[in-house]
Structures are given as structure tokens and as C-alpha cells.
Amino acid sequence: MLQILLVDDERSVVETLAETIPWESCGIGTVHEALSGAVALEIMDNHDIDIVITDIRMPEMSGIALITAIHEKWPHVQTILLSGHADFEYAKQAIAQESFDYLLKPVSDEDLIESVQRLVHRIKEKWETAASHQRALHAFQDHLPLLQSTMLHELLTGKVYDQKTLADKLDLLELPYSVGEDLGMLIIRMEKHLSDMAHGDLALMEYAICNIISEVMHNHFHIWHTRDVHDYIVVLVSMKHSTTMSYSRSETPQTLLEQYAAQIQTNVQLYLKGAISISVSSWGKFPHEIGELYERTVMSMRKRMGQVQGLFVTASDETDANPLHTIRSLYQPPTLISLLEAGRFEDVEQKIEHIFEELLHSNEHHDIAESTFEVYFAIAGAFAYIIHKNGKQISSLIPAESYRYFQAPSYSTAQQLQDWSVRTLHYIRDDAEQELRDNHSTIVRSVKSFVDLHLAGDVSLPAIADHVHLHPVYLSKVYKAETGEALTAYVYRLRMEKAAYHLRTSTAKVFEIAELVGYNNTAYFIRVFKKFYDLTPQEYRENLPV
């Protein structure tokens with residue numbers, strides 16, 4: 001949605017336009033108000049204004065001078081001029097300054113809406129032209145290596161794509177991998193002096209190492225690499241179909257990968273004058289076994305290399321092991337803590353369901369008690385973290401029967417633990433929703449109090465937002481969601497209702513009542529009153545029952 005700035009030295013004109021024009025239906029999201037050219041330029045400095053509607057005749061800085069200054073500093077901003085003087089000279093100046101439109105005051109709502117809608121349409125057309133396919137394609141190609149690296153990092157940390165999404169993304173990122181394809185992996189740890197480099201130089205060294213990898217392996221392997229959270233270089237490889245028979249029968253993809261890895265280690269020492277350690281994985285299937293391959297290979301590096309540098313470990317060096325099954329869904333992104341922090345409670349409940357499905361499946365091969373213990377501490381820890389982060393005590397938010405689980409695990413089956421997890425999640429969700437409702441209600445009460453006290457003064461959206469310390473756009477959305485009424489519509493309605501009250505209960509003149517409800521221009525007040533009640537103020541008063 002676009003942002004518009006209304007400029008006029010008469011407050012009532014600016015506020016009437018802000019309140020009575022259906023800006024959202026015109027494509028305008030935020031309305032700013034200024035009572036002088038100087039204030040308008042200050043607002044321009046602090047906000048991304050798209051359209052300026054300004055009066056021509058203003059003290060100190062005229063509308064022509066204002067749009068001249070705007071077009072010099074913000075040439076993309078579009079302008080519409082309003083004038084109460086049907087003077088052709090003004091129109092000529094507006095044309096000379098490339099103003100979009102020139103409207104005579106008093107301008108009708110229909111004419112102004114039609115002009116703004118045409119201008120919004122023109123701006124959107126320009127945006128579409130600027131975001132042309134060719135420019136987007138160039139930008140995409142520039143960022144392609146980073147996008148490829150990001151996708152591999154996501155797969156390593158457990159992100160799962162459905163088959164169509166995966167195929168589309170691989171095609172888009174020009175990655176020659178397919179579901180079920182055999183793949184291997186190299187984990188490369190940069191040693192001193194390589195790992196001691198500043199971040200920028202480290203990235204350059206990573207680039208150099210990956211160039212060596214590509215140079216050495218490109219005849220037989222597709223190469224896809226990223227850097228993981230440990231600052232290891234992770235290289236995913238698959239055989240090129242056109243070269244599967246171009247090596248001797250005594251060689252297998254595994255032995256070939258190990259030979260190339262040893263050559264890479266030697267070349268880095270020779271050309272980059274630094275040492276690297278390499279762990280070579282066994283082979284698995286794309287994409288489902290990427291995470292498992294990665295975890296095994298990193299574990300192999302940690303267990304067999306430790307802090308010794310310049311080592312070379314392969315999958316063939318590993319002894320057969322039967323480790324306990326890890327509940328991978330506990331740690332796959334998005335994690336429980338991430339989902340709780342984002343308030344995505346439905347997704348948290350779905351993730352808990354997946355965790356327990358995997359837990360029960362692990363019972364086929366391992367003692368479920370150990371895995372259940374792991375699940376309990378992960379879920380309880382995530383719940384405790386989010387409750388404390390929200391400034392609450394667990395005992396004050398969770399009923400006693402559920403709180404006992406935080407003091408000591410008291411489940412006897414996985415189903416009981418799952419039931420407790422979902423039940424506790426619902427307590428956390430209900431508390432968060434109640435807090436949000438209370439917060440929104442407080443904001444609405446504060447807004448109504450401010451407007452009621454300052455109705456004769458500045459009750460524009462920016463002024464109200466400043467009072468409650470919120471962004472105008474956010475404030476508008478909160479108020480509309482909480483009350484079902486737009487904030488500007490509420491201010492307008494309150495002014496009209498207060499005006500009608502004064503007309504019914506006092507003998508004050510119309511111009512006095514106009515000032516009491518924030519209109520310095522009586523003619524504008526009469527116009528907006530008639531629009532609201534379908535009667536002028538005088539007609540309203542005359543039609544009151546005796």
C-alpha cells in the first residue's frame with residue numbers, strides 16, 4: 001500500500017480529507033498530514049512518501065515551491081495541486097513542475113478519488129516495469145551461488161520439501177540432482193592459519209578451496225557446497241551420468257571420491273599454504289539421507305580427529321556401530337523454541353505430534369525409555385524458556401497437575417507425555433492470546449481517551465500514534481481488528497456525534513460548535529456534517545422536536 005501526504009495551512013481541510021476520503025480503496029495505506037511546506041519536507045525526510053497533495057497558496061512556502069523542492073530531492077514522488085483560484089498561471093506552473101493533476105477547490109470527493117486512483121494505477125505500472133523479467137533474471141544469476149548454498153544448508157539441518165517443490169527448486173537453482181540419486185559427502189575443516197583469518201578473508205579462502213575441489217573433481221562429480229554452523233565446508237557430490245563408465249572397474253564411486261579428497265588436501269597445502277582435515281562419508285540417497293550422512297560424517301570428524309590437524313578420515317575407516325536412535329524431528333527446523341517465539345501454536349502442536357510419531361517408531365529398534373527421556377527434556381525446556389522469556393513464572397501459568405511435570409517427570413507412557421505436552425501448550429497459547437487481547441484493549445482505551453480530550457486539536461493518525469508510541473500503520477490495524485471500525489472513521493464519527501450533541505443541548509453558533517470539534521473552517525464543517533447526517537447543522541437543529 002502507498003503512503004500519501006496532505007499539505008494545507010488550514011488544519012480543517014487536511015483533517016477533513018484524511019477522515020472522509022476512503023483512502024484504502026484508493027490503494028493508500030498510510031495518510032500523513034502537514035500544515036506547512038516546511039513540515040511537509042520534514043515528513044518527506046522520515047517517511048517513504050509516494051504521493052503529495054498540496055494547496056498552492058500557503059504562507060512562507062507555496063505549493064509550487066514545495067513540489068519544486070520535492071521533485072529535486074525525490075523525483076519519484078508524484079504530486080497533485082489544489083487551488084481555490086481558477087488562475088491559468090497556476091496551472092501552467094503545475095504543468096511545468098510535472099504535477100500529475102491540478103484541481104480547483106472546493107474539490108469534490110469524487111474528483112479527488114478519481115485523480116488519486118489514476119495516479120496509483122500509474123505508480124503501480126511503473127513498479128511493474130522496473131521489476132522487469134530481465135532485471136530480475138540478472139539479479140537472480142548474481143545471487144545463484146548464495147541461493148544454492150542456502151538450500152543445501154537447509155537440507156543439512158533437516159528441512160523437508162515435498163517432491164514437486166523440491167524438483168522445481170532444484171530446476172530453478174540449476175542443481176543436477178534428483179530424488180533417489182546416490183550421493184556422497186566431504187566435510188572439510190580449515191586448520192590454522194586458514195581458520196584464523198578475518199571473516200572476509202575466510203570467505204575468500206572458502207571460495208579458493210571450493211575452486212580447487214571443482215577443478216579436481218569436475219570430470220566425474222557434480223559439486224554442491226555450503227558452510228555449516230561449525231564453519232566446516234560441506235560438499236555434496238553425485239556422479240555425472242555421462243562419466244559413470246570412464247573409470248576403471250577396480251574403482252568405485254567411493255574409492256574415487258576418497259582419491260579425489262586426498263588430492264584436494266594435497267593441493268590446498270601446495271597452493272594455499274594451509275592445512276585442512278577431510279572426512280569422507282559413505283554413500284546415501286538424495287535427499288532423504290542427507291541429514292543422516294552429514295551427522296555421521298561430522299561425528300566421525302569429531303571422534304576420530306579431535307583437535308589433531310591435517311587428518312584424513314573415510315567411511316571405510318569406521319567400525320560398525322549401532323548408536324541409539326536420535327529423535328531427529330526434535331531438532332529439525334523450525335525448532336520448538338523458534339515456533340513458540342513466533343507464536344505459531346498450531347505448528348507447535350503439529351510438530352509435537354510428529355515427534356511422538358517418530359518416538360514410537362524408534363521403539364522398533366531401541367529401548368523407548370531413553371528416547372522418551374530426551375523428548376521430555378527438550379519439550380519441557382522449550383516450554384520453560386518461552387514462559388520465562390514472556391516474564392511469567394511456570395507455577396503461575398500452569399495448573400498444579402501439569403506443573404508437577406516440571407518438578408519431576410511423572411509420565412509412565414509416551415502417550416501420557418504427549419497428552420501433557422499438548423495440554424501445557426494450550427495453557428501457554430491461551431495465556432498469550434489473553435495477553436494480546438488485554439494489550440489491544442489497553443491501546444483502544446488509550447486512543448479513545450486521547451481523542452476525546454483533544455478533539456478540538458490535533459487528532460490526526462500520526463498524532464494519536466505518537467501518543468501511544470506505535471507506528472501509524474500498526475495502530476490502524478490493531479484498532480480496526482479490535483473495534484471493527486477504522487480509526488479515522490471513529491474520529492470522524494465522534495466529531496459528528498459531539499457536534500450533534502452541542503446542537504441539541506446548547507445555543508452555540510455553528511462556527512463555535514465547529515471549533516469545539518476541531519474544524520476551523522465552518523464551510524468544511526457544514527459540508528462534512530451534511531455528509532454524515534444528510535442535513536446541515538442548521539437543518540438538524542431546526543428539525544429537533546420541541
*Arg541: salt bridge (charged side-chain N to carboxylate O under 4.0 Å, His left out) partners, not counting sequence neighbours*: none

*Output all residues satisfying salt bridge (charged side-chain N to carboxylate O under 4.0 Å, His left out) with Asp45, sequence neighbours left out; order by chain, then residue number.*
Lys73

*Does Lys531 NZ have over 12 foreign heavy atoms under 6.0 Å away?*
yes

*Is it true that atom CD of Glu24 has more than 12 heavy atoms of other residues, nucleotides or ligands lying nearer than 6.0 Å?*
no

_Candidate pair Asp9 and Arg57, rule side chain to side chain contact (heavy atoms under 4.5 Å, CB included), full reasoning_ = CA-CA 9 Å; Asp9 58 319; Arg57 288 208 171 185; over 6 Å; no

Test item: [X] side-chain N/O and [Y] main-chain N/O as donor-acceptor pair under 3.5 Å:
{"X": "Ser62", "Y": "Met58", "result": "no"}
{"X": "Trp23", "Y": "Leu17", "result": "yes"}
{"X": "Asn46", "Y": "Glu42", "result": "yes"}
{"X": "Thr16", "Y": "Ser12", "result": "yes"}

*Please walk me through it: do Asp347 and Lys351 pass salt bridge (Lys or Arg N to Asp or Glu O under 4.0 Å)?*
CA-CA 6 Å; Asp347 292 333; Lys351 188 173 183 70; over 6 Å; no

*Under 6.0 Å from the six-membered ring centre of Tyr519 and within 45° of its axis: does the NZ or CZ of Arg495 meet both?*
yes

Indicate the atoms forming the closest heavy-atom contact of [X] with [Y], along with that distance.
{"X": "Val120", "Y": "Cys26", "answer": "CG2-O, 3.3 Å"}
{"X": "Ile28", "Y": "Val31", "answer": "CG2-CG2, 4.2 Å"}
{"X": "Thr79", "Y": "Ser99", "answer": "O-OG, 3.0 Å"}
{"X": "Ile49", "Y": "Val77", "answer": "O-CG2, 3.4 Å"}

*Test Glu15 against Asp458 for side chain to side chain contact (heavy atoms under 4.5 Å, CB included), laying out the working first.*
CA-CA 9 Å; Glu15 292 185 351; Asp458 183 6; 3.9 Å; yes

*Side-chain contact, heavy-atom cut-off 4.5 Å: Ile123 with Leu2?*
yes

*Side-chain contact, heavy-atom cut-off 4.5 Å: Pro287 with Val179?*
yes

*Mind checking whether His440 and Tyr474 have parallel, tilted or perpendicular rings, split at 30° and 60°?*
perpendicular

*Go through Val7 and Ile53 one step at a time and tell me if the side chain to side chain contact (heavy atoms under 4.5 Å, CB included) criterion holds.*
CA-CA 6 Å; Val7 190; Ile53 298 179; over 6 Å; no

*Test side chain to side chain contact (heavy atoms under 4.5 Å, CB included) on Ile394 and Tyr403 and set out the steps.*
CA-CA 7 Å; Ile394 300 174; Tyr403 179 60; 3.5 Å; yes

_For Trp224 and Tyr177, I'd like to know if the aromatic rings sit close, meaning centre-to-centre distance below 6.0 Å._
yes

